[in-house]
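Side-chain atoms are counted along with the backbone in the values below, which use heavy atoms only and exclude waters and symmetry mates. Chain A is the first sequence line, chain B the second, and so forth, proteins listed ahead of strands; every chain is numbered from 1.
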Amino acid sequence: MTTAAARDILENLNKEQREAVEAVDGPVLIIAGPGSGKTRVITHRIAYLVRTLGVNPRRILAVTFTNRAAREMRSRVESLIGDRANRLTMGTFHAFGARILREFGEDIHVPSDFVIYDQDDQTSVMKRAIEAEGLDPHTYRAPAVLNAVSGAKNMMLTVSDYQSQAGNRYERIVASCYDRYEQLLKAAHAVDFDDLLMKPVLLLRSNPEVRDKLQNRYDHVMVDEWQDTNRAQYELTSLVAGKHHSLCVVGDPDQSIYAWRHADIENILRFERDFPETQTIPLGRNYRSTSTIVDAAHALVKANKDRKEIELTAEKGSGRPVTIESADDEEYEALYVAEEIERLVAEEKTRYGDCAIMYRTNAQSRAFEDAFNRTGIRYRIVGGLRFWERREIRDVVAYLRVLRNPFDDISLLRIVNVPTRGIGRRSLDLLQQWAEANNVPLYAAMQVAAEGEGPNVPLLPAQSQHPVRAFVQMMTELLEALRGEDVLEFFDQVLSKTGYREFLEADENAEDRLDNVEELRNVAAQYQALESGEAFAAFLDQVALSTDLDAALREEGSERLDAVTLITLHQAKGLEFPIAFIVGVEEELLPHFRSLESGDPAELEEERRLCYVGMTRAMDRLYMTHAMRRNTRGVYSQRKPSQFLRDLPQELIKRRVPSLSGFSGPREPMPEPQLDVPKAPAPFRPGDHVGHARFGQGVVVACLETPTRDDFEVTVAFKGQGVKRLLAGLAGLEKLN
DNA sequence: CAACAACAATTTTTT
DNA sequence: ATTGTTGTTG
């Protein structure tokens, strides 16, 4: 940011951007196309409020989806208004929700020592809920049920709401799991990610005092990535903003790619409906990409039926055509990309750091890692196994959580026998039974067992009692240490007394894993100034809420490497790269198999938007590649180019002739890319009634060609038998009328 | 109780 | 191919 921009905030903005910055009175909806300076508008709007209109930064709330976005926004605002930026309330929806719960949670019976459960913890809780309901965990898989429950929470449906609207058997079962799941969370003094949104809304709905307090706290509310908000987030926003406050949301319906996470694209329309005086400002000038890229991407997304047209104009020149490359298989696809990057680096003034490889699924990174390792191209993978998901981190965090909150059974179960200390499943079963019967947390049961026996019966066989006693003894000592100890000293004591450090040292990846723990310790160090109890609460909240903290830490330490970025299309949203390769642009990959399987056109449209998001990341050059066959899970399958390629105007694309790539030596001539492979007629269609020798009668849900294209996989919902997947050639399905 | 083997499952994942 | 979960054996 230049000093000139800091001097006059409205300078260097185009007409529509300036309009958006100056619209500070009523509700404002900014529809921001890709590369249209969205972040610039938000940051300048904040600066305009503070510097030009004299608004106290404390009275501004800015909400984002990611910590990364929040960080970036804060630093950019800082360059415009200086230290005053520190006084802004700026963060993710979930962090904001957590903050409300920490402040006012007791009003809705959220205990002040609550811990935040992430997806992994949630799955564990749901698993227990399903077992507790006596359901078969194979038929009712925890992630699926959890997804339904999460969806309910995102739509602000409480257990009783969900129970009363449950229409079929499955939903009634989900309802019972939801109920049990909530009980387990409550007993653990835990809230899940969705609760961080839902509970504050319930609080603000029911408690006018708290509502007034919050509404009076902020005069200006801004929300980024509005197209990805769910119902709970919508309501949280409108409750906090109140009717009379200045509320500004920014989004782009064409970049909505999180419907599968219960984002509700309707929120854009709903906003204009709920706030009729809304001023809608489109930002349609793209400063990022060449006109070729903008036009090609626009042509693609235009193929979506459920869409409102927005004018997009490119400010840059036309540049090069979009290059489409067919490769024999994923290995050649990767080699092609590697070779092309080397060529760009050698012949054009490209740096490795300018290039990004974007793919639909993480598994696709493999071939590129191999190719880059072989050619010596530096690369970095975004995502993959994230810091907080590493086992050693989760383990240490679990110890800390239990020490802070002894009700946290899930964390206790995680670490009670890590390292192994002779507390096995049998013992734990007995302890859990007793805990359940007496309605106390598991840790309490262990304490009782360590003492000797329960009220009437011995809790554990004498032999099993000893390790439990040792464990409780150890935890008691640590709790002693927690009092008044320095955060870091305590951290170190946890590692040594629990034997976890030794346990890691014995591991084959000891060095890496110890490094990771050391990084966690560095995070804890940031809280040294606080009193230890406080410090741990704040520390554990940060741990739960910053899933990308490792990225922050790493970037801080080492200057950004000149390396090619490997990233999923989803994660690439909001980024930009001079050179972008979208790889694996194939049917059943992009669009993904699962979106085709469902037969839901909305899912296909989301895949198309995902492709659109990917294309619009490219600034100067865009490549889209696909393979004719691909090794997936050990077997090769024939692949077809993505139907999306057909949506691109011929005059904007250039197909490379693959045999010119040279590096591969002699090989078979490659078939021309076929964009219109005729489909073999499907033997069944969704809706057909069929009969099966074993499963009886059913209705066809879907009928898809197998990857080898020699048969069809038919998904059939059988009466009373559930949904089965069968091969048409083998199952002997009979079509009924 | 713990180590090992057989077994399924495997899109994306801002928090 | 890989990984985590479940069941069997020592």
Side-chain angles (χ1 to χ4, degrees), chain A residues 63-71 91-98 116-124 127 137-138 141-144 146-147 150 153-154 191-197 224-225 227-230 232-233 255-263 358-364 366-367 382-386 388-389 391 417-429 461 463-464 467 541-549 551 567-575 584 588-598 603 606-607 609-611 613-614 631-635:
Chain A
V63 188
T64 60
F65 271 81
T66 64
N67 293 301
R68 183 181 78 193
R71 262 197 311 276
T92 64
F93 266 111
H94 292 84
F96 181 61
I116 300 166
Y117 275 3
D118 66 18
Q119 194 160 350
D120 232 63
D121 304 317
Q122 290 176 45
T123 309
S124 307
K127 218 180 210 164
H138 288 284
R141 283 198 289 279
L146 191 62
N147 186 47
S150 168
K153 288 187 173 190
N154 289 159
V191 301
D192 66 16
F193 273 138
D194 302 312
D195 288 335
L196 294 178
L197 308 171
D224 194 9
E225 305 286 12
Q227 76 282 350
D228 290 330
T229 52
N230 57 41
Q233 286 162 329
Q255 293 186 63
S256 153
I257 54 174
Y258 282 102
W260 56 276
R261 292 270 286 142
H262 311 116
M358 297 184 276
Y359 36 77
R360 180 64 234 265
T361 67
N362 281 308
Q364 287 169 259
R366 221 1 222 291
V382 178
L385 190 54
R386 273 178 293 278
W388 301 113
E389 288 165 14
R391 183 171 301 184
N417 209 26
V418 181
T420 53
R421 41 175 79 94
I423 306 175
R425 216 184 69 192
R426 181 106 193 92
S427 298
L428 284 172
D429 277 350
Q463 203 185 1
S464 309
D541 271 5
Q542 188 190 348
V543 166
L545 292 171
S546 10
T547 51
D548 68 343
L549 193 113
I567 193 170
T568 65
L569 286 162
H570 282 91
Q571 290 182 306
K573 191 179 71 165
L575 304 178
E588 304 194 329
L589 204 47
L590 182 65
H592 195 273
F593 176 74
R594 298 294 285 265
S595 70
L596 295 166
E597 177 189 49
S598 71
E603 288 193 30
E606 180 153 308
E607 295 286 307
R609 289 194 295 271
L610 185 58
C611 189
V613 166
N631 190 333
T632 340
R633 306 206 266 273
V635 285

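The side chain of Thr361(A) lies closest to dT11(B) when the candidates are dT11(B), dT14(B), dA2(B).
Checked against the 6.0 Å centroid criterion, the rings of Trp260(A) and His592(A) do not qualify as a close aromatic pair.
Side-chain N/O atoms of Asn362(A) include none lying less than 4.0 angstrom from OP1 or OP2 on dT10(B). Residue Gln571(A) places at least one side-chain N or O under 4.0 Å from the OP1 or OP2 atom of dT13(B). An OP1 or OP2 oxygen of dT11(B) is reached within less than 4.0 angstrom by a side-chain nitrogen or oxygen of Arg594(A). The side chain of Asn417(A) contributes an N or O atom lying less than 4.0 Å from OP1 or OP2 of dA2(B).
Following rounding to the nearest Å, Ile423(A) (CD1) and dC1(B) (P) show an atom-to-atom distance of 9 Å. Remark: P of dT12(B) and CG of Asn147(A) are 14 Å apart, rounded to the nearest angstrom. Glu606(A) places its CD atom 9 Å from the C1' atom of dT12(B), with the value rounded to the nearest Å. Between Gln119(A) atom CD and dT13(B) atom C1' the separation is 7 Å, expressed in whole Å. The interatomic distance linking Arg141(A) (CZ) with dA9(B) (C1') rounds to 8 Å, in whole Å. For the pair Glu607(A) CD and dT11(B) P, the computed distance is 12 Å after rounding to whole Å. Across the protein-nucleic acid pair, Arg633(A) atom CZ and dT11(B) atom P stand 7 Å apart, rounded to whole Å. Note: CG (Leu590(A)) to C1' (dT11(B)) measures 11 Å, nearest angstrom.
Evaluated for a side-chain contact (heavy atoms from CB on, under 4.5 Å) with Pro467(A), the options Thr420(A), Ile423(A), Asn417(A) yield exactly one hit, Ile423(A). For the side-chain contact (heavy atoms from CB on, under 4.5 Å) with Lys573(A), the lone residue among Leu610(A), Thr568(A), Asp228(A) that qualifies is Asp228(A).
Among the heavy atoms of the strands, none lies under 4.0 Å from Asp118(A).
Among all heavy-atom pairs drawn from Gly614(A) and Leu569(A), the shortest one is CA-CD2, 3.6 Å. Heavy-atom minimum distance, Glu588(A) versus Leu596(A): N-CD1, 3.8 Å. Pairing each heavy atom of Leu196(A) with each of Ile116(A), the nearest pair is CD1-CG2, 4.0 Å. Shown here for Gln233(A) and Phe65(A), the closest heavy-atom pair between the two residues is NE2-CE2, 3.6 Å.
The footprint of chain A on DNA chain C, defined by a heavy-atom cutoff below 4.0 Å, extends from dA1(C) to dT2(C).
Nearest-nucleotide assignment on DNA chain B puts the 5′-proximal partner with His570(A), out of His570(A) and Phe93(A). Nearest-nucleotide assignment on DNA chain B puts the 5′-proximal partner with Ser427(A), out of Ser427(A) and Ser595(A).
Residue ring and base: Trp260(A) counts as stacked with dT12(B) (centre distance below 5.5 Å, interplanar angle below 30°). In this structure, His592(A) counts as stacked on the base of dT11(B) under the 5.5 Å centre distance and 30° plane angle limits.
Under the 3.5 Å distance criterion, the side-chain polar atoms of Glu607(A) are left unmatched by any main-chain donor or acceptor of Ser595(A).
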